[in-house]
Amino acid sequence: TGLSLSSSTAADAALIAFYTSCRVRSEYFQGSGNGMACAQDVASGEILLSVPLDYCWTAAAARANPALAALGDGPLDAISPENLIALHLLIIKASPEPPATAAAADRCRWHHVKLIASTPIETLWDWSDAELKQNFQGSKWALAPSWSKADTLADLEEWSQYPPLLELFKAYEIHKLSYLWAHKVLNSRMTSFKRAKDGSILQLIAPGQDLFNHSADAPVSNEDVQIDDDKSLVVVRANRSYKQGEQATFHYSGTSNGRLLFSGGFVLATNPWDSVELALTLPLHQSAGPLFAELASTLDSGVKHGGAFAEALPAEFIEMAQTEDGSDPTDFIVHMRLMLSTLPEQLMRVLRFYIAAEHYSSYSTQITMAEIDMLAGTKAVAIQKLRNGLLSMSSGYPVVRAANEAELRTMEAEAAAGKFHPPAAEHDDDFDRNDPKWERAHRRRRHALLVVIGEQRIWEAGLAMLDRELSLLMTAGAGAA
C-alpha cells in the first residue's frame with residue numbers, strides 16, 4: 001500500500017490490514033482534528049481507500065452476529081436497520097478481541113469499534129434542553145435533537161419489555177448511556193447509499209471511510225465515495241490531486257450547518273449547503289389530482305443513484321395529511337429543503353402547487369402545467385399566500401440577522417484572543433475565566449449563531465424573491481390596463 005505508520009495509532013494501524021487499498025494514514029490536523037493524510041502523491045480519481053463491504057457495519061452484518069441471530073427473524077424484523085447496527089456496535093464493543101483465526105470481518109469490526117470508542121463524540125444530543133431552546137429559538141434545532149433523543153430511548157425502553165432482548169442487554173451492558181453513544185456513532189459516521197444496481201438504500205459505517213473529514217471546498221459528487229457492487233467494496237477516490245502529507249477530504253453531500261452540528265458537532269464558517277425546511281399544507285381537490293401528480297413528478301428528491309447522501313428524507317416530497325378519524329385526507333403537505341443555490345427553482349415548484357390549489361378552490365375547469373404560469377391573477381394571490389407561509393415559518397427568531405451577525409463577530413474576536421465570557425446572568429467576580437465550561441459555552445454559542453444566521457439568510461432571500469415576483473406581476477398588470 002505504500003503506507004507509513006509513523007503517525008498512526010495502534011488502533012488505526014490494526015485496521016490497515018483489512019483495507020484492500022490504502023494511500024492514506026491517520027493524522028492530526030490543526031483546526032480540523034484527526035483526519036486522513038495522503039501517504040504518497042495521489043492523482044485525481046485514484047483510490048484513496050477501499051474496504052470490503054462485508055467488513056462494514058450493516059443491518060445484514062448485525063443479523064448475522066450470533067448474539068442477535070439467536071433472537072430469531074421475528075424480533076429482528078421488528079428492529080430498524082439503524083437500531084440493529086447500534087446493537088451490533090455495542091455487542092462487539094463489549095466483546096473480547098477475536099482470535100487470529102476468527103473471520104476477518106469480525107476482527108476488522110472489533111478493531112474499528114475500539115478506535116471509535118477512543119474518540120470523543122459531541123453532538124446536539126449533548127446540549128441541554130435549555131441550551132437548545134436558548135440558542136436555536138425559531139429553528140427546528142431548538143426541539144428536534146430532544147425529540148430524536150427521546151424517540152431513541154423509547155425504542156430501548158420498549159425492547160426492555162421483551163425478555164430475550166433484556167437478557168441480551170444485561171449480557172453486553174447495554175443501557176441508556178451506551179445506547180445513546182451507539183446512536184451518536186450512527187449519527188456522526190453512518191453513510192446512506194442509493195445503489196446503482198437496484199435503487200435500494202443501504203446504510204452502513206465503513207471502517208476507514210468514516211475517518212475522512214468533511215470539506216465544503218470538495219465537490220459534491222457521486223464519484224468520491226461509492227459502493228463498487230461488482231467487487232463488493234466501499235471505495236473512496238480522490239476528488240482532486242493531493243501531495244504526500246496533505247489532508248484528503250470529501251464532501252459529506254449537501255449538508256447544512258444544522259445537520260453537521262447535530263450529527264458531527266461542527267459547523268462551517270461559510271456553508272453553501274445551509275438549508276431550511278419548508279412544510280406547507282394545501283387543500284386536496286379531487287379534480288386537481290392529475291395536475292398535482294404531474295407537479296409532484298417535478299420535485300427533486302436530491303438523492304442520486306450510486307453515491308452517498310446525508311439526509312434521511314428527500315429534499316422535496318409531498319405527503320397526505322392524516323385525519324384524526326382515519327377518513328380520506330382533505331389536505332396534503334409540500335415539503336422542501338430550501339437552499340440559496342436552488343431557491344428560485346424551488347420556490348417556483350412550490351408556487352405552482354399554490355396556483356393550482358387556488359384555481360381549483362374557485363373553478364372546476366381543468367388546467368395544464370403549461371397554463372399555470374399564464375394565470376396572472378391567480379398567481380398573484382398564490383404568491384401572497386406562499387409569502388405568508390414563509391413569513392410565518394421565519395418569524396420565530398427572537399433577533400434579526402444583523403444583530404446575530406454582530407454578536408458572532410464579537411464572539412469570534414473574543415475566541416481569537418482566548419477570552420471566553422460567561423453568560424450575562426452568571427457574571428461574577430469569582431468566576432474562573434480558565435474554566436473549560438466557558439470555552440465550551442462560547443463555542444456552542446458561536447456554532448448556533450452560524451446555524452441560525454444561515455437559516456435567516458435563506459428565509460430573507462425567499463421573501464425578497466417573492467416580493468420581486470409580485471412587483472413584476474403588478475407592474476405588468478398596470479401596463480396592460
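Only this structure's heavy atoms are used, side chains among them; waters, hydrogens and symmetry mates stay out. Index from 1, following the sequence.
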Test item: Thr58 side-chain N/O and Ala61 main-chain N/O as donor-acceptor pair under 3.5 Å
yes
Write out all pairs satisfying salt bridge (charged side-chain N to carboxylate O under 4.0 Å, His left out) with one or both partners inside residues 452-465, taking only residues at least two apart or from two chains.
Arg401-Glu460, Glu405-Arg457
With under 30° as parallel and over 60° as perpendicular, where do the rings of Phe317 and His335 fit, or are they tilted in between?
parallel
Does this structure show an ion pair linking Glu407 with Arg409, if we count only N-O contacts that are shorter than 4.0 Å?
no
Leu90 versus Tyr172: any side-chain heavy-atom pair under 4.5 Å?
no
Let me confirm one number: the OG1-CG distance from Thr255 to Leu261, rounded to the nearest 0.5 Å.
13.0 Å
Does Lys176 qualify as a cation-pi partner of Trp181, given the criterion of NZ or CZ under 6.0 Å from the six-membered ring centre and within 45 degrees of its axis?
no
Closest heavy-atom pair and its distance - Trp127, Arg444:
CH2-O, 3.2 Å
Determine yes or no for a side-chain-to-main-chain donor-acceptor pair under 3.5 angstrom, with Ser395 supplying the side chain and Ser392 the backbone.
yes
Answer whether the closest heavy-atom distance between the side chains of Arg195 and Ile227 falls below 4.5 Å.
yes
Reported CG-to-CG distance for the pair Leu390 and Leu347, which is rounded to 0.5 angstrom:
6.0 Å
Do the side chains of Phe262 and Trp125 get nearer than 4.5 Å, heavy atoms only?
yes
Please check if the side chain of Glu158 supplies one atom and the backbone of Asp155 the other of a donor-acceptor pair under 3.5 Å.
no
Could you tell me whether Glu173 atom CD has more than 12 heavy atoms of other residues or ligands within 6.0 Å of it?
no
Do Asp77 and Arg63 have side chains that get closer than 4.5 Å, going by heavy atoms?
yes
Are side-chain heavy atoms of Asn83 and His183 found at a separation under 4.5 Å?
yes
Counting only N and O atoms by type, is there a donor-acceptor contact under 3.5 Å from the side chain of Arg25 to the main-chain atoms of Met36?
no
Taking it one step at a time, do Ser44 and Ser241 satisfy side-chain hydrogen bond (donor to acceptor under 3.5 Å, both in side chains)?
CA-CA 4 Å; Ser44 178; Ser241 297; 5.4 Å; no
Check whether any side-chain N or O of Asn239 sits under 3.5 Å from a backbone N or O of Thr249 as a donor-acceptor pair, and report yes or no.
yes
Step through the shown structure and confirm whether more than 12 heavy atoms of other residues, nucleotides or ligands are within 6.0 Å of CD on Glu97.
yes
State whether the side chain of Arg109 and the backbone N or O of Cys56 hold a donor-acceptor pair below 3.5 Å, judged by distance alone.
yes
Minimal heavy-atom distance between Thr270 and Pro272, with the atoms involved, is O-CD, 3.7 Å
Taking the side chain as C-beta and beyond, is there a heavy-atom pair between Lys93 and Trp110 under 4.5 Å?
no
Answer yes or no: is there a donor N or O on one side and an acceptor on the other, between the side chain of Asp126 and the main chain of Thr123, under 3.5 Å?
yes
For Asn213 and Gln247, indicate whether the former's side chain and the latter's backbone hold a donor-acceptor pair under 3.5 Å.
no
Output for pair (Leu124 CG, Glu131 CD), nearest 0.5 Å, gives 10.0 Å
For Gly389 versus Leu280, what's the shortest heavy-atom pair and its separation?
CA-CD2, 4.0 Å
Taking the basic N atoms (NZ, or NE/NH1/NH2) and the acidic carboxylate oxygens, is any pair closer than 4.0 Å for Glu412 and Arg446?
no
Begin from the C-alpha positions of Cys38 and Leu48 and carry the test side-chain contact (heavy atoms from CB on, under 4.5 Å) through to its verdict.
CA-CA 8 Å; Cys38 290; Leu48 292 168; 4.1 Å; yes
Would you say that Leu87 contacts Ile174 through its side chain, given a criterion of any heavy-atom pair below 4.5 Å between the two side chains?
yes
Tyr397 side chain near Val452 side chain, heavy-atom distance below 4.5 Å:
yes
With under 30° as parallel and over 60° as perpendicular, where do the rings of His214 and Phe266 fit, or are they tilted in between?
tilted
Where does the angle between the aromatic ring planes of Phe292 and Phe332 fall among parallel (under 30°), tilted (30 to 60°) and perpendicular (over 60°)?
tilted
In plain terms, say whether Glu277 and Lys140 are close enough for a salt bridge, that is, a side-chain N and a carboxylate O under 4.0 Å apart.
yes
For His112 and Ile205, which heavy atoms make the closest approach, and how far apart are they?
CE1-CG2, 3.8 Å
What heavy-atom pair brings Met393 and Trp459 nearest, and what distance separates the two atoms?
CB-CH2, 3.8 Å
Does Glu294 offer a backbone N or O that forms a donor-acceptor pair with the side chain of Thr298 under 3.5 Å?
no
Pairwise distance CH2(Trp57) to CG(Leu84) - rounded to 0.5 angstrom:
13.0 Å
Using every non-hydrogen atom in the two residues, find where Tyr179 and Ala86 come nearest and quote the distance to one decimal.
CE1-CB, 4.2 Å
Under 3.5 Å donor-acceptor, Asp210 side chain and Gly208 backbone
yes
Report the relative orientation of the aromatic rings in His251 and Trp273; use parallel for angles under 30°, tilted for 30 to 60°, perpendicular for over 60°.
perpendicular
Salt bridge or not for Arg337 and Glu316, using N-O below 4.0 Å?
no
